[in-house]
Amino acid sequence: MRQRKEITPAQALARMEDLCARSEQSTFEIRKKLTNMRLPASTINNIVDSLVDRRYIDDKRYAVAFARDKYRFSRWGKLKIKRALMLGHISTDFIDEALDEIDDDSYTEILSNMLRAKARTIKEGNTFEGRTKLYRFAISRGFESRLIGSIIKNSGQNLWPESSND
């Protein structure tokens with residue numbers, strides 16, 4: 001069995017500084033990485049405190065960047081983003097601030113476009129089964145039930161291709 005090479009606190013700090021300089025990291029993620037290096041708890045606390053003091057780590061900044069990226073690139077809804085941040089042990093205040101930065105009009109437009117694209121792939125068309133599949137799809141992406149229902153109800157025929165109208 002291979003033995004792990006011992007890492008000094010200075011080496012661990014340098015690695016975490018490099019990681020934080022390349023991408024946003026949360027306090028929880030850094031603690032987990034340091035724990036995996038099998039460093040003592042006191043050393044981990046000292047390294048994390050040093051990174052926070054020198055603004056390498058900022059959980060609020062992390063939450064905003066995470067929410068923005070997941071919304072823009074992965075097309076996640078607010079509920080899914082919130083769950084992911086909560087699993088990352090981010091403060092609910094920071095989560096709420098990050099979600100507030102998402103533009104509501106753009107958010108609704110993204111959901112409408114996703115529903116329109118998904119509706120084209122549903123064989124059942126504009127039927128109860130088809131609308132249910134569409135609803136479940138949007139729920140799985142983390143969008144709010146009320147918003148999904150509103151778009152499906154108000155957009156109605158505009159979501160579905162012409163050939164599948166009921």
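Owing to the predicted nature of the structure, the values given are computational and were not obtained by experimental measurement.
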Query raised in the report: Which hydrophobic side chains are connected to I47, either touching it within the sub-4.5 Å cutoff or through other members that do?
Result: I7, L13, M16, L19, I30, L34, M37, L39, I44, V48, L51, V52, Y56, I57
Any Lys/Arg nitrogen of [X] or [Y] sitting under 4.0 Å from an Asp/Glu carboxylate oxygen of the other?
| X | Y | value |
| --- | --- | --- |
| D18 | R15 | no |
| E24 | R61 | yes |
| E124 | R131 | no |

Report task. Quick one: do R31 and T35 satisfy side-chain hydrogen bond (donor to acceptor under 3.5 Å, both in side chains)? Show the steps, please. Result -> CA-CA 6 Å; R31 283 187 187 282; T35 301; over 6 Å; no
Report summary line: Heavy atoms of S26 and G88 approach each other most closely as OG-O, 4.2 Å
Single-linkage hydrophobic cluster [X]~[Y], side-chain heavy atoms < 4.5 angstrom:
| X | Y | result |
| --- | --- | --- |
| F137 | I148 | yes |
| I90 | L79 | no |
| Y62 | V64 | no |
| I152 | F143 | yes |
| Y135 | I122 | yes |

Could you check if a side-chain atom of [X] sits within less than 4.5 angstrom of a side-chain atom of [Y], using non-hydrogen atoms only?
| X | Y | answer |
| --- | --- | --- |
| L85 | L99 | no |
| T43 | P40 | yes |
| N113 | R75 | no |
| I110 | Y71 | yes |
| K80 | R83 | yes |

Report task. For R38, enumerate each residue passing the salt bridge (charged side-chain N to carboxylate O under 4.0 Å, His left out) test, keeping only those at least two apart in sequence or located in another chain. Result -> none
Query raised in the report: Cation-pi between K78 and Y107: NZ/CZ under 6.0 Å from ring centre and within 45° of the ring axis?
Result: yes
Query raised in the report: With under 30° as parallel and over 60° as perpendicular, where do the rings of H89 and F28 fit, or are they tilted in between?
Result: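 Judged by the thresholds at 30° and 60°, the geometry between H89 and F28 is tilted.
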